[in-house]
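What you are looking at is a predicted structure, and each value in this text was computed from that prediction instead of being measured. Residue numbering restarts at 1 for every chain, and letters A, B, ... go by the order of the sequence lines.
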Amino acid sequence: MRLTRSFLPTLKETPAEAQIASHRLMLRAGLVRQTSAGIYAWLPLGLRVLRNIEQIVREEQDAAGAQEMLMPTLQSAELWEKSGRYEDYGKEMLRIVDRHDRRMLYGPTNEEMITDLLQGSIKSYRELPQILYHIQWKFRDEVRPRFGVMRGREFLMKDAYSFDLDYASAVVSYRKMMLAYMRTFQRIDLKAIPMVADTGPIGGDLSHEFIVLASTGESQVFYDGDFENIDWVNSEFDYEKSGDLDAFYNQMTSMYAATEEKHDLTAWSTVPKERKREGRGIEVGHIFYFGTRYSKAMGMSVAGPDGAQIIPEMGSYGIGVSRLVGAVIEAKHDEAGIIWPDAIAPYRASILNLKQGDATCDTICEDLYAKLGGNAIYDDRTDRAGVKFNDADLIGLPWQIIVGPRGAANGMVELKRRATGERAEVSLDSVLAKIN
RNA sequence: CGGAGCGUAGCGCAGUCUGGUAGCGCAUCAGUCUGGGGGACUGAGGGUCGUGGGUUCGAAUCCCGCCGCUCCGACCA
């Protein structure tokens, strides 16, 4: 992407409404613009990050055996009346009336819909278990939206739903999702810790929320630092081996982790001092087992081997995809701007032409840009070097290739790593080798 | 939902108390000089002062209604 032809509106000054780092930086780096309270337009650069995160979530869901589908944003009120939540959900639910006076709503979640869908098509115990998910926009009419995309009203969420024949099988699905979550967050370079949670308006009795430490978090959290040292992505756990899932789950639950409400001082005191982690936490994911609550309400049952009807045991599993963009920035930024993890960065590198119009600099930059394919932002503006350095730091791509007349004369450029600030004079070939 | 505040150029703000027909910085456009961490100079463009009504010779300014946005608290993926 050439900056002179791109819509990447960076801001030197911070808009007055942005209170926290991630919100401030998302506006300044041209990732999003607010269009109404708690509702954001994703600009080209922000969308690329959102898509990258979405893709990691998708790959890990698929790896765990979940199947992707896509349900609508608009739902019929009737569906929710069956479960009783049409009344219970209250003002958080955005209710809409269509031209025929039919009561609709903009979905805040999809338990009713998915259950109703499967109810019509799954009739035998042989067709279970199933785990289905979709990545779709949701709307919750928060009384007080704030913190940019971290607590917007409209948000992109991955929600998965499991259907099993019995409790033991439902627990297996639950553990698969938990493992998928640990892998997902690690790939996004976040330390998200599962904590036993209250089940909230969805109901149920087995529930964990995944929390990332950040000063703007909504609640105080406590956990064992050992969580941070486990490599889930390269671990040996196999989703299809129940022994592996048991071992995984035992490992998870053997380490201390709790939100304020569930904090147990006695158990906390057994954690060695150097491993204690404490601070505010942002919830980035939540998993629930809630038994037959929705299957029963929506009239879903399957024939068992003996002909008797079985009401499936369900669970649901959410990840706040758009919220993660904010959460990552909260965790990865400095005074100058964002520091994107490699896995979700919108591009790999910025190419800074420090002297646009200088034949050597231009040639080198064009050459690098062509060879990096669609993986770089080329700052081909005629602005001064300082402007380019500041914008590059703000946007926060992992690498900066600095092309100035000094080095260019010798065929050398400077390569800077955004995260560490390290710079080195290198040849063109080695730049490409390093970045591609 | 309780409490508070703000709406003036793309962004950040002054002007409102004490009414006289809109200003500053940054950004934008043209040009010149510059050229390794938001450069300098010259010139230019851009505003129904959120909106509707009222008071007044005259309203960004005073009064009333409405809308939008934000902050604190309760709530919350």
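The gap from the P atom of B:U8 to that of B:G12 amounts to 9 Å, rounded to the nearest Å. Rounded to whole Å, the separation between the P atoms of B:G65 and B:G73 comes to 29 Å. A gap of 11 Å separates the P atoms of B:G20 and B:C62, to the nearest Å. Spacing of C1' atoms, B:A9 relative to B:G2, comes out at 37 Å, to the nearest Å. Here the separation of B:U32 from B:G15, taken at their C1' atoms, is 35 Å to the nearest Å. Look at the P atom in both B:G50 and B:A14: the space between them is 14 Å, to the nearest Å.
Remark: A:Arg175 qualifies as a cation-pi partner of A:Tyr249 under the 6.0 Å distance and 45° angle criteria applied to the six-membered ring. Both tests pass for A:Arg95 against the ring of A:Tyr86: distance under 6.0 Å to the centre and angle within 45° of the axis. A cation-pi arrangement, defined by a distance under 6.0 Å to the six-membered ring centre and an angle within 45 degrees of its axis, is present between A:Lys276 and A:Trp268.
Pairing partner, B:U61: none, since no Watson-Crick or wobble contact has both distances short of 3.5 Å. Figure legend. B:G5 is base-paired to B:C69; pairs are counted as Watson-Crick or G-U wobble with both atom distances under 3.5 Å. For B:G46, there is no paired base (Watson-Crick or G-U wobble, both distances below 3.5 Å).
Comparing A:Thr35 and A:Val149 along RNA chain B, the residue whose closest nucleotide (by nearest heavy atom) sits nearer the 5' end is A:Thr35. With RNA chain B read from its 5' end, the first of the two nearest nucleotides for A:Ala18 and A:Phe155 is the one closest to A:Ala18.
Each of B:G37, B:C75, B:G38 was ranked by its minimum atom distance to the side chain of A:Val387; first place goes to B:G38. The side chain of A:Arg28 lies closest to B:G38 when the candidates are B:G38, B:G73, B:U70. In the set B:C75, B:G36, B:G38, B:C75 carries the atom at the smallest distance from any side-chain atom of A:Val143. Residue A:Lys12 places its side chain closer to B:A27 than to any other of B:C75, B:A27, B:G36. Nearest nucleotide to the side chain of A:Ala37, out of B:C69, B:C76, B:G36: B:C69. The side chain of A:Pro15 lies closest to B:C11, out of B:C72, B:G36, B:C11. Among the nucleotides B:G37, B:U70, B:C1, the one closest to any side-chain atom of A:Arg423 is B:G37. For A:Arg384, the side-chain atoms get nearest to B:G35 when compared with the rest of B:C72, B:G37, B:G35.
Checking A:Tyr317, A:Tyr181, A:Tyr174 one by one against A:His208, the side chain to side chain donor-acceptor pair (under 3.5 Å) holds for a single residue, A:Tyr174. Applying side-chain contact (heavy atoms from CB on, under 4.5 Å) to A:Tyr133 and the options A:Arg58, A:Gln67, A:Met71, A:Met69 leaves one that passes, A:Arg58.
Residue A:Asp362 contributes atom CG, which lies 13 Å from atom C1' of B:G35 at whole-angstrom precision. Rounded to whole Å, the distance from CD on A:Glu13 to P on B:C26 is 10 Å.
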